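Since we're looking at a predicted model, the values are computed, not measured. Labels below follow one simple rule: chain letters A, B, ... track the order of the sequence lines, proteins then strands, and each chain is numbered from 1.
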Number of protein chains: 2
Amino acid sequence: MRNPEGARIPPGRRIALDAMGGDDAPVVPVAAARRAAAIHGLDVVLVGDPAAMHAAGLPAEGSGVAIAPAADVIGMDEEAALAVRARPEASIRVAIGLLAAGRADAVVSAGSTGATMAAALLGVGRVRGIRRPVLAAVLPFIAQAGTAAGAGGPEGARFGAVLVDAGASSDVQPEALVAYARMGIAYARVLGVDAPRVGLLNVGGERGKGNELARAAYGLLSELVEFVGNVEPRAVLTGAVDVVATDGFTGNVFLKTVEAVGARAFGIQANRAAPVGGPGAAVLLGVAGPVLVAHGAADADELVAALLMADRVATSGMVDRLGAVL
Amino acid sequence: MRNPEGARIPPGRRIALDAMGGDDAPVVPVAAARRAAAIHGLDVVLVGDPAAMHAAGLPAEGSGVAIAPAADVIGMDEEAALAVRARPEASIRVAIGLLAAGRADAVVSAGSTGATMAAALLGVGRVRGIRRPVLAAVLPFIAQAGTAAGAGGPEGARFGAVLVDAGASSDVQPEALVAYARMGIAYARVLGVDAPRVGLLNVGGERGKGNELARAAYGLLSELVEFVGNVEPRAVLTGAVDVVATDGFTGNVFLKTVEAVGARAFGIQANRAAPVGGPGAAVLLGVAGPVLVAHGAADADELVAALLMADRVATSGMVDRLGAVL
């Protein structure tokens, strides 16, 4: 079965999109759902306020876009864990509920990361063996002078480093970074990297550099064959590794700095406008189902990229395999 | 007394420049010393191997450039504390010795930051009341679209935020960030900011965000009238504050990320090519004398800026005043 543009429609796979999440919701999510269905043949369920979605240009039945009503919304500045527990009608709760019930195969939201994480933990739980899920963003490689695509590799196979943790947990033990690295390796494989190399984000290349966490993590990470040592920010951004392990505080500062400086330089939004083939969103690794968080300022094309990535993660079986690698 | 270009020669103030520090030493330091003397009337003492300095184009006597011989050099990759203790003839040890003996009023090195810190602690010690000196770099503001100089303020008065700690101490207690903020305020005043605003580097604006260190430091920093709250990387780089307090691990990752992304975008080298009037180097705040560290890749113009900044710090009496604010 093919849609008018000729893209293959996947056999029954369906992505739930939080229509109420993001700076310009539901306009941007509705536009993204239309485009993902029309151009890429994705089956998208928009979750939110039906009246608002209709006003935002919801397409007619049979377009590949369905809706699931949700009467409530959790805002960006609310205390996520409390709000998620208290409000079962919130769009992100309903979207995760579709995933839990097997009525969707993945969830995408451009709303609050904390609320999405809390709703996912409440609704679908964790992969067995994973203590705490992690936020995995992809940092684009900054091309070396004179080259177009960073450190090399086949076109489309390497477009950036997987940053774990990009902001889920600020205070962690060194052991957590090993789990992050393992999850990051699994995700990098989904992104097309055959033999991912793992680095530890640090302030110097030599062993012994860094804070207590980094020094302790270095020893533990050394047991992974994929581990290549410490990496400084420049090395990460020029393609020295495929997976970067760090705590969520340092990782989030790193990500936000790349975004702040890069946005003016290259149109980089590490978590947003990834190159062709790249993810349009960060993934909650370790949650027992594909759940992706797009940037709050994502435009419709970036949300389409996020929907395509969600489809790719759902198809890959990565979530099932995460339990096996940990 | 004026030099041929008409610049005022300061009354007897003298800057010791480590001629052996930096990627292209002693060529770049010798060129910088010549230029600083000829154009700005600075009195510079080049410290290093006389034969190598002569080969690099040392000017004739009476040019405002003197030399102090040093037979040894500490490399960038050596274990700083050990090397500094073991090698009294190293150029950075001799340069700091001039400061300690009152034969120089400030020291500049483009060599190892760790070695410079260790030599300074050994040779001149700390300001009374300061437990551990801090590395203060200046992060340039990234101009908002349509403006030329960031968040405003008189030309030359505000050109970037003082980052403390930029990399001296990776593991610290929350109380340290208050001391860093106080030192940063004193330095910002030297840089021409009348009423410095202090922010805490964090992953969100609201109180309660961040890791344990940040959450604890927030409460302590709140007792400073200059404290305006948490700041995310974008806010720092667009001029929301004049002083940014953080631990040296996070600060160094932040600084290096700005450099890595910014170098390709704006020619930004946070620690190097500052705007006109800005420092050309990071300052070791809390050391009992003006000691500045330039980027290892600094060119001669950047080292001249560092020498001028060293002169400004020496003239300001900041070091003496630091003891009073802590």
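In this structure, the side chains of B/V261 and A/L237 come closer than 4.5 Å at one or more pairs of heavy atoms.
With values rounded to the nearest 0.5 angstrom, A/F249 atom CZ is found 5.5 Å from B/T246 atom OG1.
Applying the salt bridge (Lys or Arg N to Asp or Glu O under 4.0 Å) test to B/R215 and every residue at least two apart in sequence or in another chain returns A/D171.
Counting heavy-atom pairs closer than 4.5 Å to chain B, the top residue among A/S170, A/G248, A/A235 is A/S170. Comparing B/N202, B/V236, B/V172 by heavy-atom pairs within less than 4.5 Å of chain A, the highest count is held by B/N202. Chain A forms more heavy-atom pairs under 4.5 Å with one residue of B/N252, B/D77, B/L201, B/V203 than with any other, namely B/V203.
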Cut-off 3.5 Å, no hydrogens considered: what does the side-chain donor-acceptor table look like for residues 204-213 of chain B, sequence neighbours left out?
from   : atom 1 : to     : atom 2 : distance (Å)
B/N211 : OD1    : B/A214 : N      : 2.9

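In this structure, the side chain of A/K256 does not engage the main chain of B/R234 through any donor-acceptor pair within 3.5 Å.
Closest of all the heavy-atom pairs between A/V253 and B/P233 is O-CG, 3.8 Å.
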